[in-house]
Protein chains: 2
Amino acid sequence: MLTHSQIWRGVDRLAERTGLSPSGLARQAGLDPTTFNPSKRISADGTKLRWPSTESIAKALAAARLGFEDFAALAAGAAGGRSVPLIGFAQAGSHGYFDDAGFPVGAGWEEVRFPGVDDEDAYALEIAGDSMAPVYRDGDRIVVAPHAAPRRGDRVVVKTRSGEVMAKELGRVTNQSVELVSLNPAYDNRVLDTADIVWMARIVWASQ
Amino acid sequence: MLTHSQIWRGVDRLAERTGLSPSGLARQAGLDPTTFNPSKRISADGTKLRWPSTESIAKALAAARLGFEDFAALAAGAAGGRSVPLIGFAQAGSHGYFDDAGFPVGAGWEEVRFPGVDDEDAYALEIAGDSMAPVYRDGDRIVVAPHAAPRRGDRVVVKTRSGEVMAKELGRVTNQSVELVSLNPAYDNRVLDTADIVWMARIVWASQ
DNA sequence: CTTGGAAAAGGAAAATAGTCCTGCTATGCA
DNA sequence: TGCATAGCAGGACTATTTTCCTTTTCCAAG
């Protein structure tokens, strides 16, 4: 289902998100500034609805650097949610996939959409192996938000200076050290020096 | 980003999903059967791309009874994922929200989209209270798939004949009884008679 | 092989969206 | 206050899409 008001709301929200007015968005997209004018959303005599063309939508999306799925979410009205890239957990440890701040770099990953994830730099990891069982099993996918400030009891993904990437539950945190409680009882808890932690990201979703 | 090939792929997949050809879909939508013809996707001289109008897309979606977000998912190419309704866990126990087979009834819930959920009748629940801690905390959201066959070790939501709705881990299953392992150690495990279980749905995603 | 139906190609007319233009209003700046 | 700029309304014109028409291709049933 797609209604006339939905599609125009999508356009308005797209403009708002980009920090522009509807006419500003149109200009940015290389269209006539009046294309998205409220006065062009119904016919002159007021009897017929006017719809934007898909080509105009496509140009506006290119200008706003937003995906079609995200636009659909804006139009449908439901708030929140973002497309996040998905990579394998094993790869997460290797060089080249993350910058120093814990954000994934590069592209070409499968994109999946998640509700309630507003972190611009959120991404998904796929679990390999059973070292984190029973909480996370082989093949499970977790979505992590690097910008969220994790609190005690939250589950987090941590990358250390030595290049290790691991999922743990956050324990006691002091100025000098961070306690990481193992999710698998067979593995010991660890206490890392704050300086040894390259980045730490909170896990916000997990497949079961 | 929305490309010419994407939007037409979306139309083709929409038709396929509905069990129709592109021209059949157009007819069903009350449009001219040639509207979605491959020959109308580029100009006659082959130099210009032709795009379907938003209004035609809207009519096709109405005919196929599909939401705009789902269409965007089809167009973007990423497979899987569905819109699922969200309700509070407390309401889940009360009458009127679920039919006898465990499917949510009624509408008006907030819709959220999930990847990897192909179950037509999947829905999301919001956890209230800490009776399922530490695995599920107050405010967490879980996505359940009623059609998925749960196996031992899976986390499930169960509704009993007495109207109770609870989230547990599936234990030993026999012909007569089902063992449910409590997620919170403070609560006892339970063994239910198979006849007392109205429905059981597997938990596929959980916010952390 | 023939035949009926659906799908699609191709082209001209009709409908609709974008563009270009003018004018009005609100806002920010000197 | 005066001025420049952005946003929007309204109207005429242009470009594109849909519709309507005929013809061709494809496929399955007889």
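Naming convention: chains lettered A, B, ... in sequence-line order (proteins, then strands); numbering from 1 in each chain.
- Every ring pair (Phe, Tyr, Trp, His ring centres under 6.0 Å) that B/Phe68 has, sequence neighbours left out, goes to A/Phe68.
- Heavy-atom distances under 4.0 Å link DNA chain D to B/Leu31, B/Asp32, B/Thr34 of residues 26-34 of chain B, given in residue order.
- Applying the salt bridge (Lys or Arg N to Asp or Glu O under 4.0 Å) test to pairs two or more places apart or on separate chains, none has a residue in residues 48-67 of chain A.
- Side-chain contact check for A/Ile57 versus A/Leu14: every heavy-atom pair is 4.5 Å or farther apart.
- Within the structure, a side-chain polar atom (N or O) of A/Ser21 is placed less than 4.0 Å from OP1 or OP2 of D/dG7.
- Applying the side-chain contact (heavy atoms from CB on, under 4.5 Å) criterion to A/Thr3, with sequence neighbours excluded, gives A/Ser5, A/Gln6.
- For the side-chain hydrogen bond (donor to acceptor under 3.5 Å, both in side chains) test, residues two or more places apart in sequence or in another chain that qualify with B/Asp32 are B/Thr34.
- Summary of the strand contacts: B/Pro38 and A/Ser56 both lie near DNA chain C, and taking for each the nucleotide with the nearest heavy atom, the more 5' one is attributed to B/Pro38.
- Think of the region where chain B sits on DNA chain C: with heavy atoms and a 4.0 Å cut, that region ends 5' and 3' at C/dA7 to C/dG11.
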What pairs of donor and acceptor atoms, side-chain ones from residues 19-30 of chain A against any protein atom, are under 3.5 angstrom apart with sequence neighbours left out?
unit_1  : atom_1 : unit_2  : atom_2 : d
A/Ser21 : OG     : A/Ser23 : OG     : 3.2
A/Ser21 : OG     : A/Gly24 : N      : 3.1

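- Taking A/Ser177 as the reference, A/Thr174, A/Val191 meet the side-chain contact (heavy atoms from CB on, under 4.5 Å) condition, with sequence neighbours excluded.
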Taking only nitrogen or oxygen atoms into account, show me every contact under 3.5 Å that the protein makes with nucleotides 12-15 of chain D, one pair per line with its distance.
none

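- A/Thr18 pairs by the side-chain hydrogen bond (donor to acceptor under 3.5 Å, both in side chains) definition with nothing, not counting sequence neighbours.
- The interatomic distance linking B/Phe36 (CZ) with D/dT18 (C1') rounds to 11 Å, in whole Å.
- Pairs of residues two or more places apart, or lying in two chains, that qualify as ring-ring contact (aromatic ring centres under 6.0 Å, His included) and include a residue from residues 15-51 of chain B are B/His4-B/Trp51.
- Within the structure, salt bridge (Lys or Arg N to Asp or Glu O under 4.0 Å) pairs that include any residue of residues 170-179 of chain A do not occur (at least two apart or interchain).
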